K.L.:
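Sharing a structure below in C-alpha coordinates format, with a few things to ask.
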Amino acid sequence: MTSSRVRRWLLAIVLPIAAVGLWQAAGTDGSLAGGALPTPDRVWRAWVTWAFGHAGPMTLSPYVGTWAEAVGHSAERVAKGFAVAILLGVPLGVLIGWSRLVSAMVDPSIQWLRPVPITAWLPISLAIFGIRDFGAIFLITIGAFYPIVINTTQGARDVEKNWIRAALMMGAKPFDILRRVILPAALPSIFTGLRIGLGIGWTAVIVAEMVAVKSGLGYVLWDAYYVGRMDIVIADMVSIGLFGFLSDWAIVRLEMWALNWRRLQSFNQ
Amino acid sequence: MGTIQFSSVGKTYPGGVLALENVNFTVGEGEFVALLGPSGCGKSTLLNLIAGFERLSDGQMSFNGQGVTKPGPDRGVVFQEASLLPWLNVWENVVFGPKVQGMPRNIYEPRAQEILRVMGLEKFHKSLPVQLSGGMRQRVGIARALVMQPKALLMDEPFGALDAQTRLSMQELLLDIWQSLKTTVLFVTHDIDEAILLADRVCVMTARPGRITRDIRIDIPRPRSINTLTSGDFTTYKAMIMAEMRGLHPHH
(Lines give C-alpha, C1' and ligand atoms only; values in the text may rest on other atoms or scores of the structure.)
Protein backbone atom coordinates (compact mmCIF):
# COMPACT_ATOMS: atom_id res chain seq x y z
CA MET A 1 0.00 0.00 0.00
CA THR A 2 1.25 3.44 -0.88
CA SER A 3 1.20 6.18 1.73
CA SER A 4 -1.58 8.03 -0.08
CA ARG A 5 -3.77 4.94 0.16
CA VAL A 6 -3.04 4.62 3.87
CA ARG A 7 -3.95 8.26 4.26
CA ARG A 8 -7.23 7.78 2.45
CA TRP A 9 -8.12 4.81 4.64
CA LEU A 10 -7.30 6.74 7.78
CA LEU A 11 -9.38 9.71 6.66
CA ALA A 12 -12.28 7.42 5.79
CA ILE A 13 -12.48 5.79 9.24
CA VAL A 14 -12.17 8.97 11.33
CA LEU A 15 -15.90 9.70 11.26
CA PRO A 16 -17.16 6.16 12.00
CA ILE A 17 -14.71 5.74 14.89
CA ALA A 18 -15.68 9.10 16.36
CA ALA A 19 -19.40 8.28 16.06
CA VAL A 20 -19.03 4.86 17.66
CA GLY A 21 -16.82 6.31 20.39
CA LEU A 22 -19.32 9.05 21.22
CA TRP A 23 -22.19 6.59 21.17
CA GLN A 24 -20.31 4.27 23.54
CA ALA A 25 -19.38 7.14 25.88
CA ALA A 26 -22.93 8.53 25.95
CA GLY A 27 -24.45 5.27 27.14
CA THR A 28 -24.90 4.32 30.76
CA ASP A 29 -25.53 0.74 31.81
CA GLY A 30 -25.06 -0.43 28.28
CA SER A 31 -27.78 1.67 26.72
CA LEU A 32 -29.00 5.17 25.99
CA ALA A 33 -32.24 6.90 25.01
CA GLY A 34 -33.99 5.34 27.99
CA GLY A 35 -32.90 1.79 27.23
CA ALA A 36 -33.99 1.87 23.56
CA LEU A 37 -30.50 2.07 22.10
CA PRO A 38 -27.82 -0.42 23.19
CA THR A 39 -24.19 0.70 23.17
CA PRO A 40 -21.72 -0.57 20.53
CA ASP A 41 -20.11 -3.16 22.83
CA ARG A 42 -23.51 -4.81 23.37
CA VAL A 43 -24.27 -4.72 19.66
CA TRP A 44 -20.90 -6.32 18.99
CA ARG A 45 -21.51 -9.13 21.49
CA ALA A 46 -24.99 -9.72 20.08
CA TRP A 47 -23.54 -9.95 16.60
CA VAL A 48 -20.81 -12.41 17.68
CA THR A 49 -23.45 -14.71 19.16
CA TRP A 50 -25.71 -14.23 16.13
CA ALA A 51 -22.84 -15.06 13.78
CA PHE A 52 -20.81 -17.70 15.62
CA GLY A 53 -22.95 -19.00 18.50
CA HIS A 54 -23.81 -22.69 18.64
CA ALA A 55 -27.47 -23.37 19.22
CA GLY A 56 -27.98 -26.26 21.64
CA PRO A 57 -31.18 -28.33 21.84
CA MET A 58 -32.48 -26.03 24.59
CA THR A 59 -31.74 -22.75 22.75
CA LEU A 60 -34.89 -20.69 22.32
CA SER A 61 -33.40 -17.52 20.76
CA PRO A 62 -33.38 -17.53 16.96
CA TYR A 63 -30.33 -15.22 17.04
CA VAL A 64 -27.68 -17.84 17.71
CA GLY A 65 -25.49 -18.80 14.77
CA THR A 66 -28.05 -17.80 12.13
CA TRP A 67 -26.43 -14.65 10.73
CA ALA A 68 -24.81 -16.25 7.67
CA GLU A 69 -28.10 -17.88 6.77
CA ALA A 70 -29.95 -14.56 6.94
CA VAL A 71 -27.27 -12.84 4.86
CA GLY A 72 -27.35 -15.69 2.36
CA HIS A 73 -31.11 -15.48 1.88
CA SER A 74 -31.03 -11.72 1.29
CA ALA A 75 -28.00 -11.76 -0.97
CA GLU A 76 -29.44 -14.57 -3.06
CA ARG A 77 -32.71 -12.67 -3.55
CA VAL A 78 -30.88 -9.47 -4.48
CA ALA A 79 -28.73 -11.41 -6.95
CA LYS A 80 -31.74 -13.07 -8.59
CA GLY A 81 -33.86 -9.94 -8.78
CA PHE A 82 -30.92 -7.88 -10.01
CA ALA A 83 -30.08 -10.46 -12.67
CA VAL A 84 -33.65 -10.42 -14.00
CA ALA A 85 -33.59 -6.60 -13.99
CA ILE A 86 -30.38 -6.61 -16.05
CA LEU A 87 -31.72 -9.20 -18.51
CA LEU A 88 -34.83 -7.07 -19.05
CA GLY A 89 -33.44 -3.57 -18.64
CA VAL A 90 -30.27 -3.63 -20.74
CA PRO A 91 -31.69 -5.10 -23.98
CA LEU A 92 -34.84 -2.99 -23.66
CA GLY A 93 -32.80 0.18 -23.00
CA VAL A 94 -30.58 -0.50 -26.02
CA LEU A 95 -33.68 -0.99 -28.20
CA ILE A 96 -35.38 2.16 -26.89
CA GLY A 97 -32.24 4.20 -27.44
CA TRP A 98 -31.71 2.81 -30.91
CA SER A 99 -35.19 2.76 -32.40
CA ARG A 100 -37.55 5.72 -32.47
CA LEU A 101 -40.45 3.33 -32.93
CA VAL A 102 -39.64 1.28 -29.82
CA SER A 103 -38.96 4.50 -27.92
CA ALA A 104 -42.35 5.96 -28.89
CA MET A 105 -44.12 2.75 -27.95
CA VAL A 106 -42.38 1.76 -24.73
CA ASP A 107 -40.77 4.82 -23.18
CA PRO A 108 -44.05 6.57 -22.13
CA SER A 109 -45.27 3.47 -20.29
CA ILE A 110 -41.99 3.20 -18.42
CA GLN A 111 -42.16 6.86 -17.46
CA TRP A 112 -45.76 6.48 -16.20
CA LEU A 113 -45.01 3.39 -14.14
CA ARG A 114 -41.74 4.64 -12.74
CA PRO A 115 -43.16 7.03 -10.10
CA VAL A 116 -44.95 4.10 -8.42
CA PRO A 117 -42.62 3.29 -5.51
CA ILE A 118 -41.68 -0.32 -4.80
CA THR A 119 -43.58 -0.15 -1.49
CA ALA A 120 -46.78 0.50 -3.46
CA TRP A 121 -46.19 -2.74 -5.37
CA LEU A 122 -46.21 -4.74 -2.10
CA PRO A 123 -49.95 -5.52 -1.89
CA ILE A 124 -50.11 -6.70 -5.50
CA SER A 125 -46.96 -8.74 -5.02
CA LEU A 126 -48.44 -10.39 -1.90
CA ALA A 127 -51.75 -11.02 -3.65
CA ILE A 128 -50.10 -12.68 -6.62
CA PHE A 129 -47.12 -14.47 -5.13
CA GLY A 130 -48.13 -14.84 -1.46
CA ILE A 131 -45.50 -15.14 1.27
CA ARG A 132 -42.85 -16.61 -0.97
CA ASP A 133 -39.44 -15.87 -2.39
CA PHE A 134 -40.91 -14.87 -5.69
CA GLY A 135 -42.58 -11.78 -4.28
CA ALA A 136 -39.30 -10.46 -2.93
CA ILE A 137 -37.51 -11.10 -6.20
CA PHE A 138 -40.34 -9.41 -8.08
CA LEU A 139 -39.98 -6.25 -5.97
CA ILE A 140 -36.19 -6.18 -6.36
CA THR A 141 -36.54 -6.58 -10.12
CA ILE A 142 -39.00 -3.70 -10.31
CA GLY A 143 -36.81 -1.46 -8.17
CA ALA A 144 -33.59 -2.17 -10.07
CA PHE A 145 -35.21 -2.21 -13.52
CA TYR A 146 -35.94 1.53 -13.85
CA PRO A 147 -32.46 2.95 -13.27
CA ILE A 148 -30.96 0.25 -15.49
CA VAL A 149 -33.34 0.77 -18.40
CA ILE A 150 -33.24 4.57 -18.17
CA ASN A 151 -29.46 4.82 -18.03
CA THR A 152 -29.04 2.25 -20.79
CA THR A 153 -31.48 4.21 -22.97
CA GLN A 154 -29.54 7.39 -22.35
CA GLY A 155 -26.25 5.72 -23.20
CA ALA A 156 -27.65 4.16 -26.37
CA ARG A 157 -29.05 7.51 -27.50
CA ASP A 158 -25.78 9.32 -26.99
CA VAL A 159 -23.66 7.00 -29.16
CA GLU A 160 -21.45 9.02 -31.46
CA LYS A 161 -23.09 9.15 -34.88
CA ASN A 162 -19.87 8.46 -36.77
CA TRP A 163 -19.27 5.16 -34.91
CA ILE A 164 -22.58 3.91 -36.28
CA ARG A 165 -21.85 5.32 -39.73
CA ALA A 166 -18.42 3.68 -39.75
CA ALA A 167 -19.93 0.32 -38.80
CA LEU A 168 -22.62 0.63 -41.50
CA MET A 169 -19.95 1.53 -44.02
CA MET A 170 -18.09 -1.65 -43.08
CA GLY A 171 -21.18 -3.74 -43.80
CA ALA A 172 -22.59 -4.19 -40.29
CA LYS A 173 -26.21 -5.42 -40.09
CA PRO A 174 -28.66 -3.91 -37.56
CA PHE A 175 -27.95 -6.64 -35.02
CA ASP A 176 -24.18 -6.08 -35.36
CA ILE A 177 -24.76 -2.38 -34.76
CA LEU A 178 -26.72 -3.13 -31.58
CA ARG A 179 -24.29 -5.69 -30.23
CA ARG A 180 -20.93 -4.41 -31.44
CA VAL A 181 -21.42 -0.63 -31.41
CA ILE A 182 -24.37 0.57 -29.33
CA LEU A 183 -23.98 -1.89 -26.45
CA PRO A 184 -20.25 -1.27 -25.84
CA ALA A 185 -20.67 2.46 -26.42
CA ALA A 186 -23.46 2.56 -23.85
CA LEU A 187 -21.55 0.51 -21.25
CA PRO A 188 -20.43 3.50 -19.16
CA SER A 189 -24.07 4.59 -18.74
CA ILE A 190 -25.17 1.00 -18.22
CA PHE A 191 -22.77 0.67 -15.29
CA THR A 192 -24.16 3.86 -13.76
CA GLY A 193 -27.60 2.25 -13.99
CA LEU A 194 -26.33 -1.00 -12.48
CA ARG A 195 -24.88 0.77 -9.45
CA ILE A 196 -28.07 2.70 -8.76
CA GLY A 197 -30.19 -0.38 -9.47
CA LEU A 198 -28.23 -2.57 -7.09
CA GLY A 199 -28.60 0.02 -4.32
CA ILE A 200 -32.36 0.04 -4.85
CA GLY A 201 -32.26 -3.76 -4.93
CA TRP A 202 -30.95 -3.82 -1.36
CA THR A 203 -33.68 -1.41 -0.27
CA ALA A 204 -36.27 -3.58 -1.97
CA VAL A 205 -35.06 -6.83 -0.41
CA ILE A 206 -35.33 -5.40 3.12
CA VAL A 207 -38.82 -4.03 2.47
CA ALA A 208 -39.94 -7.29 0.91
CA GLU A 209 -38.51 -9.46 3.69
CA MET A 210 -40.13 -7.32 6.35
CA VAL A 211 -43.53 -8.12 4.87
CA ALA A 212 -43.52 -10.78 2.21
CA VAL A 213 -41.16 -13.58 3.35
CA LYS A 214 -40.02 -15.17 6.58
CA SER A 215 -36.25 -15.16 6.23
CA GLY A 216 -33.34 -12.85 5.45
CA LEU A 217 -31.93 -9.68 6.98
CA GLY A 218 -35.18 -7.74 6.49
CA TYR A 219 -37.23 -10.38 8.26
CA VAL A 220 -34.76 -10.51 11.17
CA LEU A 221 -34.78 -6.73 11.41
CA TRP A 222 -38.54 -6.55 11.92
CA ASP A 223 -38.73 -9.67 14.06
CA ALA A 224 -35.95 -8.51 16.38
CA TYR A 225 -37.74 -5.17 16.79
CA TYR A 226 -40.95 -6.96 17.83
CA VAL A 227 -39.18 -8.92 20.53
CA GLY A 228 -37.24 -5.85 21.69
CA ARG A 229 -33.79 -7.02 20.58
CA MET A 230 -32.46 -3.62 19.49
CA ASP A 231 -28.88 -4.95 19.60
CA ILE A 232 -29.80 -7.39 16.81
CA VAL A 233 -31.65 -4.61 14.94
CA ILE A 234 -28.49 -2.51 14.87
CA ALA A 235 -26.21 -5.43 14.02
CA ASP A 236 -28.63 -6.22 11.19
CA MET A 237 -28.50 -2.62 9.88
CA VAL A 238 -24.71 -2.66 9.90
CA SER A 239 -24.78 -5.96 8.00
CA ILE A 240 -27.07 -4.51 5.32
CA GLY A 241 -24.75 -1.53 4.93
CA LEU A 242 -21.73 -3.79 4.70
CA PHE A 243 -23.16 -6.05 2.00
CA GLY A 244 -24.63 -3.16 0.05
CA PHE A 245 -21.18 -1.60 0.09
CA LEU A 246 -19.41 -4.81 -0.91
CA SER A 247 -21.72 -5.51 -3.82
CA ASP A 248 -21.31 -1.94 -5.08
CA TRP A 249 -17.55 -2.34 -4.82
CA ALA A 250 -17.75 -5.52 -6.90
CA ILE A 251 -19.64 -3.65 -9.63
CA VAL A 252 -17.08 -0.85 -9.60
CA ARG A 253 -14.26 -3.39 -10.02
CA LEU A 254 -16.12 -5.02 -12.89
CA GLU A 255 -16.62 -1.62 -14.47
CA MET A 256 -12.93 -0.77 -14.22
CA TRP A 257 -12.11 -4.04 -15.93
CA ALA A 258 -14.75 -3.74 -18.67
CA LEU A 259 -14.09 -0.07 -19.38
CA ASN A 260 -10.32 -0.16 -19.42
CA TRP A 261 -10.35 1.68 -22.77
CA ARG A 262 -12.22 4.53 -21.17
CA ARG A 263 -9.87 4.86 -18.24
CA LEU A 264 -6.98 5.14 -20.67
CA GLN A 265 -8.94 7.77 -22.53
CA SER A 266 -9.36 10.08 -19.55
CA PHE A 267 -5.72 9.44 -18.75
CA ASN A 268 -4.44 10.52 -22.14
CA GLN A 269 -6.57 13.59 -22.66
CA MET B 1 -15.39 -0.07 -61.31
CA GLY B 2 -15.87 2.95 -59.11
CA THR B 3 -17.56 5.83 -60.85
CA ILE B 4 -19.46 8.51 -58.98
CA GLN B 5 -22.07 10.66 -60.64
CA PHE B 6 -24.08 13.61 -59.36
CA SER B 7 -26.68 15.26 -61.55
CA SER B 8 -28.69 18.30 -60.47
CA VAL B 9 -28.23 17.24 -56.86
CA GLY B 10 -29.81 19.38 -54.16
CA LYS B 11 -29.94 18.93 -50.40
CA THR B 12 -32.23 20.85 -48.10
CA TYR B 13 -32.05 20.29 -44.36
CA PRO B 14 -35.09 20.42 -42.10
CA GLY B 15 -35.80 24.06 -41.41
CA GLY B 16 -35.21 24.97 -45.03
CA VAL B 17 -31.41 25.31 -44.96
CA LEU B 18 -30.23 24.85 -48.53
CA ALA B 19 -26.92 22.98 -48.26
CA LEU B 20 -26.46 22.04 -51.93
CA GLU B 21 -28.03 23.34 -55.11
CA ASN B 22 -27.80 21.94 -58.61
CA VAL B 23 -24.52 20.08 -58.19
CA ASN B 24 -23.29 18.27 -61.30
CA PHE B 25 -20.09 16.32 -61.47
CA THR B 26 -18.56 12.98 -62.15
CA VAL B 27 -15.63 11.08 -60.74
CA GLY B 28 -14.29 8.60 -63.24
CA GLU B 29 -12.91 5.14 -62.64
CA GLY B 30 -9.59 5.36 -60.79
CA GLU B 31 -9.72 9.13 -60.64
CA PHE B 32 -8.62 11.20 -57.63
CA VAL B 33 -10.93 14.19 -57.20
CA ALA B 34 -10.64 16.81 -54.47
CA LEU B 35 -13.62 18.86 -53.32
CA LEU B 36 -12.19 22.16 -52.14
CA GLY B 37 -14.11 24.86 -50.34
CA PRO B 38 -14.64 26.83 -47.15
CA SER B 39 -16.39 25.23 -44.18
CA GLY B 40 -20.14 25.17 -44.60
CA CYS B 41 -20.02 24.91 -48.40
CA GLY B 42 -21.62 21.48 -48.38
CA LYS B 43 -18.56 19.50 -49.47
CA SER B 44 -18.91 17.04 -46.60
CA THR B 45 -22.64 16.79 -47.30
CA LEU B 46 -21.83 15.75 -50.85
CA LEU B 47 -19.54 13.02 -49.52
CA ASN B 48 -22.16 11.88 -46.97
CA LEU B 49 -24.71 11.58 -49.77
CA ILE B 50 -22.62 9.27 -51.93
CA ALA B 51 -21.55 7.36 -48.81
CA GLY B 52 -25.24 6.65 -48.19
CA PHE B 53 -25.28 8.40 -44.80
CA GLU B 54 -27.75 11.06 -45.91
CA ARG B 55 -30.64 11.22 -48.40
CA LEU B 56 -30.67 13.73 -51.22
CA SER B 57 -33.58 16.11 -51.64
CA ASP B 58 -33.26 16.76 -55.38
CA GLY B 59 -31.72 15.27 -58.49
CA GLN B 60 -29.96 11.95 -58.91
CA MET B 61 -26.71 10.36 -57.90
CA SER B 62 -25.23 7.02 -58.69
CA PHE B 63 -22.29 4.83 -57.85
CA ASN B 64 -21.21 2.53 -60.67
CA GLY B 65 -24.45 3.38 -62.40
CA GLN B 66 -26.56 2.24 -59.43
CA GLY B 67 -28.62 4.48 -57.19
CA VAL B 68 -27.27 4.90 -53.67
CA THR B 69 -29.63 4.06 -50.81
CA LYS B 70 -27.40 3.01 -47.95
CA PRO B 71 -23.76 2.77 -46.85
CA GLY B 72 -21.75 -0.24 -47.91
CA PRO B 73 -18.24 -1.70 -48.05
CA ASP B 74 -17.87 -0.85 -51.75
CA ARG B 75 -17.42 2.77 -50.61
CA GLY B 76 -14.78 2.97 -47.89
CA VAL B 77 -15.18 6.12 -45.82
CA VAL B 78 -12.30 7.77 -43.95
CA PHE B 79 -13.66 10.13 -41.32
CA GLN B 80 -12.23 13.44 -40.17
CA GLU B 81 -11.20 12.26 -36.69
CA ALA B 82 -10.80 8.62 -37.76
CA SER B 83 -13.87 7.65 -35.66
CA LEU B 84 -12.37 4.32 -34.66
CA LEU B 85 -14.31 2.23 -32.17
CA PRO B 86 -12.43 3.16 -28.98
CA TRP B 87 -13.02 -0.15 -27.15
CA LEU B 88 -11.41 -2.19 -29.95
CA ASN B 89 -7.67 -2.35 -30.52
CA VAL B 90 -6.03 -1.58 -33.86
CA TRP B 91 -6.33 -5.14 -35.16
CA GLU B 92 -9.96 -5.49 -34.08
CA ASN B 93 -10.84 -2.16 -35.67
CA VAL B 94 -9.28 -3.18 -38.97
CA VAL B 95 -10.88 -6.64 -39.17
CA PHE B 96 -14.28 -5.35 -37.99
CA GLY B 97 -15.57 -4.99 -41.56
CA PRO B 98 -14.50 -8.40 -42.93
CA LYS B 99 -15.73 -10.03 -39.73
CA VAL B 100 -19.26 -8.61 -39.79
CA GLN B 101 -19.45 -9.38 -43.50
CA GLY B 102 -18.75 -13.02 -42.67
CA MET B 103 -15.56 -13.17 -44.71
CA PRO B 104 -13.45 -16.28 -43.97
CA ARG B 105 -10.61 -15.66 -41.53
CA ASN B 106 -7.93 -17.14 -43.80
CA ILE B 107 -8.79 -14.52 -46.41
CA TYR B 108 -8.99 -11.38 -44.31
CA GLU B 109 -6.20 -12.07 -41.83
CA PRO B 110 -3.28 -12.01 -44.29
CA ARG B 111 -4.83 -9.03 -46.02
CA ALA B 112 -5.21 -7.07 -42.79
CA GLN B 113 -1.64 -7.94 -41.78
CA GLU B 114 -0.32 -6.71 -45.11
CA ILE B 115 -2.25 -3.43 -44.96
CA LEU B 116 -1.16 -2.76 -41.38
CA ARG B 117 2.42 -3.39 -42.44
CA VAL B 118 2.14 -0.95 -45.36
CA MET B 119 0.66 1.59 -42.97
CA GLY B 120 3.58 1.19 -40.58
CA LEU B 121 1.32 -0.21 -37.86
CA GLU B 122 2.70 -3.74 -37.51
CA LYS B 123 3.93 -3.02 -33.99
CA PHE B 124 0.62 -1.55 -32.88
CA HIS B 125 -1.89 -4.37 -33.44
CA LYS B 126 -2.73 -4.52 -29.74
CA SER B 127 -2.86 -0.76 -29.09
CA LEU B 128 -6.11 0.97 -28.31
CA PRO B 129 -6.98 4.06 -30.39
CA VAL B 130 -6.49 6.34 -27.37
CA GLN B 131 -2.89 5.17 -27.06
CA LEU B 132 -2.09 6.36 -30.60
CA SER B 133 -1.31 9.81 -31.97
CA GLY B 134 -3.76 11.50 -34.33
CA GLY B 135 -1.72 10.52 -37.37
CA MET B 136 -1.49 6.89 -36.30
CA ARG B 137 -5.22 6.79 -35.64
CA GLN B 138 -5.89 8.05 -39.14
CA ARG B 139 -3.58 5.36 -40.54
CA VAL B 140 -5.85 2.84 -38.85
CA GLY B 141 -8.86 4.66 -40.30
CA ILE B 142 -7.43 4.29 -43.80
CA ALA B 143 -6.42 0.67 -43.17
CA ARG B 144 -9.89 -0.31 -42.04
CA ALA B 145 -11.34 1.17 -45.26
CA LEU B 146 -8.72 -0.44 -47.53
CA VAL B 147 -9.06 -3.91 -46.00
CA MET B 148 -12.52 -4.12 -47.55
CA GLN B 149 -11.01 -3.49 -51.00
CA PRO B 150 -13.55 -0.78 -51.75
CA LYS B 151 -14.24 0.45 -55.26
CA ALA B 152 -13.94 4.01 -54.03
CA LEU B 153 -12.43 5.80 -51.06
CA LEU B 154 -14.45 8.70 -49.66
CA MET B 155 -12.22 10.84 -47.47
CA ASP B 156 -13.70 13.64 -45.37
CA GLU B 157 -10.92 16.09 -44.42
CA PRO B 158 -8.92 13.13 -43.12
CA PHE B 159 -5.79 15.14 -42.33
CA GLY B 160 -7.50 18.37 -41.24
CA ALA B 161 -6.93 17.78 -37.53
CA LEU B 162 -3.25 16.84 -37.83
CA ASP B 163 -0.20 19.07 -37.31
CA ALA B 164 1.59 20.30 -40.45
CA GLN B 165 4.42 17.79 -40.36
CA THR B 166 2.23 14.76 -39.74
CA ARG B 167 -0.11 15.99 -42.47
CA LEU B 168 2.74 16.03 -44.99
CA SER B 169 3.80 12.48 -44.18
CA MET B 170 0.20 11.27 -44.36
CA GLN B 171 -0.23 12.95 -47.75
CA GLU B 172 2.90 11.24 -49.00
CA LEU B 173 1.67 7.90 -47.65
CA LEU B 174 -1.67 8.37 -49.39
CA LEU B 175 0.09 9.24 -52.69
CA ASP B 176 2.13 6.03 -52.44
CA ILE B 177 -0.87 3.87 -51.68
CA TRP B 178 -2.99 5.42 -54.40
CA GLN B 179 -0.16 5.02 -56.89
CA SER B 180 -0.24 1.27 -56.41
CA LEU B 181 -4.01 0.76 -55.91
CA LYS B 182 -5.48 3.36 -58.30
CA THR B 183 -8.78 3.32 -56.46
CA THR B 184 -11.31 6.02 -57.18
CA VAL B 185 -10.95 8.71 -54.50
CA LEU B 186 -13.27 11.54 -53.51
CA PHE B 187 -11.29 13.75 -51.13
CA VAL B 188 -12.88 16.62 -49.19
CA THR B 189 -10.54 19.36 -47.98
CA HIS B 190 -10.27 23.09 -47.30
CA ASP B 191 -6.50 23.05 -47.86
CA ILE B 192 -5.52 24.29 -51.35
CA ASP B 193 -2.01 22.75 -51.22
CA GLU B 194 -3.40 19.39 -50.24
CA ALA B 195 -5.98 19.43 -53.04
CA ILE B 196 -3.39 20.26 -55.75
CA LEU B 197 -0.78 17.84 -54.42
CA LEU B 198 -3.09 14.86 -54.32
CA ALA B 199 -5.78 15.24 -56.94
CA ASP B 200 -6.24 14.77 -60.68
CA ARG B 201 -9.06 17.29 -60.53
CA VAL B 202 -9.92 19.99 -58.02
CA CYS B 203 -13.58 20.98 -57.78
CA VAL B 204 -13.89 24.38 -56.13
CA MET B 205 -17.07 24.87 -54.12
CA THR B 206 -18.85 27.92 -52.82
CA ALA B 207 -21.20 28.23 -49.86
CA ARG B 208 -24.87 29.17 -49.35
CA PRO B 209 -26.07 27.46 -51.37
CA GLY B 210 -23.31 24.93 -51.91
CA ARG B 211 -22.37 24.43 -55.55
CA ILE B 212 -19.34 23.67 -57.66
CA THR B 213 -17.99 26.74 -59.43
CA ARG B 214 -14.84 25.45 -61.11
CA ASP B 215 -13.57 22.04 -62.09
CA ILE B 216 -9.80 22.29 -62.61
CA ARG B 217 -7.68 19.49 -64.06
CA ILE B 218 -4.28 19.24 -62.35
CA ASP B 219 -1.78 18.19 -65.00
CA ILE B 220 1.19 17.66 -62.72
CA PRO B 221 2.90 14.38 -63.66
CA ARG B 222 2.83 11.41 -61.33
CA PRO B 223 4.25 9.92 -59.24
CA ARG B 224 4.11 13.02 -57.09
CA SER B 225 5.80 13.63 -53.77
CA ILE B 226 6.29 16.39 -51.23
CA ASN B 227 8.71 18.00 -53.71
CA THR B 228 5.75 18.68 -55.98
CA LEU B 229 4.73 21.36 -53.49
CA THR B 230 7.67 23.55 -54.53
CA SER B 231 7.44 23.02 -58.29
CA GLY B 232 6.54 25.77 -60.75
CA ASP B 233 3.42 23.97 -61.95
CA PHE B 234 2.19 23.74 -58.41
CA THR B 235 2.58 27.47 -57.82
CA THR B 236 0.71 28.26 -61.03
CA TYR B 237 -2.24 26.09 -60.02
CA LYS B 238 -2.21 27.53 -56.55
CA ALA B 239 -2.33 31.10 -57.83
CA MET B 240 -5.20 30.18 -60.15
CA ILE B 241 -7.24 28.50 -57.43
CA MET B 242 -6.57 31.24 -54.90
CA ALA B 243 -7.77 33.84 -57.38
CA GLU B 244 -10.84 31.73 -58.01
CA MET B 245 -11.61 31.42 -54.32
CA ARG B 246 -10.95 35.08 -53.60
CA GLY B 247 -13.24 36.01 -56.45
CA LEU B 248 -15.93 33.98 -54.80
CA HIS B 249 -15.58 35.77 -51.48
CA PRO B 250 -15.30 39.48 -52.28
CA HIS B 251 -16.41 40.40 -48.76
CA HIS B 252 -13.60 38.65 -46.93
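Every value quoted in this text rests on a predicted model; they were computed, and no experiment measured them. Chain letters run A, B, ... following the sequence lines, proteins first, then strands; residues in each count from 1. What's counted below: heavy atoms across the whole structure, side chains too, no hydrogens, waters or symmetry copies.
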K.L.:
Looking at B:Lys70, B:Arg75, B:Gln101, B:Arg144, which makes the most heavy-atom pairs under 4.5 Å with chain A?
P.N.:
B:Arg144
K.L.:
For A:Lys173, which atoms come within 4.5 Å of any heavy atom of chain B: side chain, backbone, both, or neither?
P.N.:
side chain
K.L.:
Hey, could you give me the CE/CE distance between B:Met148 and A:Met170, rounded to the nearest 0.5 Å?
P.N.:
7.0 Å
K.L.:
Count the heavy atoms of every other residue, nucleotide or ligand shown that sit under 6.0 Å from OH of B:Tyr13, and state whether that count exceeds 12.
P.N.:
yes
K.L.:
Taking every heavy-atom pair that is under 4.5 Å apart, which of B:Gly141, B:Pro98, B:Gly52, B:Pro71 has the most such pairs with chain A?
P.N.:
B:Pro71
K.L.:
Using a 4.5 Å cut-off on heavy atoms from C-beta on, say whether the side chain of A:Arg165 contacts that of B:Asn48.
P.N.:
yes
K.L.:
I'd like to know whether B:Leu85 forms a side chain to side chain contact (heavy atoms under 4.5 Å, CB included) with A:Trp261, so could you lay out the CA-CA distance, the side-chain angles of the two residues, the decisive distance to 0.1 Å, and finally the verdict.
P.N.:
CA-CA 10 Å; B:Leu85 301 178; A:Trp261 58 274; over 6 Å; no
K.L.:
Do other residues, nucleotides or ligands put more than 12 heavy atoms under 6.0 Å from the CZ atom of A:Phe129?
P.N.:
yes
K.L.:
Kindly give the heavy-atom pair with the smallest separation between A:Asn162 and B:Ser83, and that separation in Å.
P.N.:
CB-OG, 3.2 Å
K.L.:
Just give me the residue among A:Lys161, A:Glu160, A:Arg180, A:Met169 that pairs up with chain B most often, heavy atom to heavy atom, under 4.5 Å.
P.N.:
A:Met169
K.L.:
Tell me, for A:Asp176 versus chain B, whether the close heavy atoms (under 4.5 Å) come from the side chain, the backbone, both or neither.
P.N.:
side chain
K.L.:
Identify which of B:Gly97, B:Pro129, B:Ala145 forms the greatest number of heavy-atom pairs closer than 4.5 Å to chain A.
P.N.:
B:Gly97
K.L.:
Going from CG on A:Asn260 to CH2 on B:Trp87, what distance comes out if it is rounded to the nearest 0.5 angstrom?
P.N.:
14.5 Å
K.L.:
What are the two closest non-hydrogen atoms of B:Leu84 and A:Trp163, and how far apart are they?
P.N.:
O-NE1, 3.3 Å
K.L.:
Is it the case that atom CD in B:Gln60 sees more than 12 heavy atoms from other parts of the structure closer than 6.0 Å?
P.N.:
no
K.L.:
Counting only heavy atoms closer than 4.5 Å, note whether B:Phe53 contacts chain A via side chain, backbone, both or neither.
P.N.:
both
K.L.:
Look at atom CD1 of A:Ile124 and say whether more than 12 heavy atoms of other residues, nucleotides or ligands are closer to it than 6.0 Å.
P.N.:
no
K.L.:
Check this for me: A:Arg132, atom CZ, are more than 12 non-hydrogen atoms of other residues, nucleotides or ligands nearer than 6.0 Å?
P.N.:
no
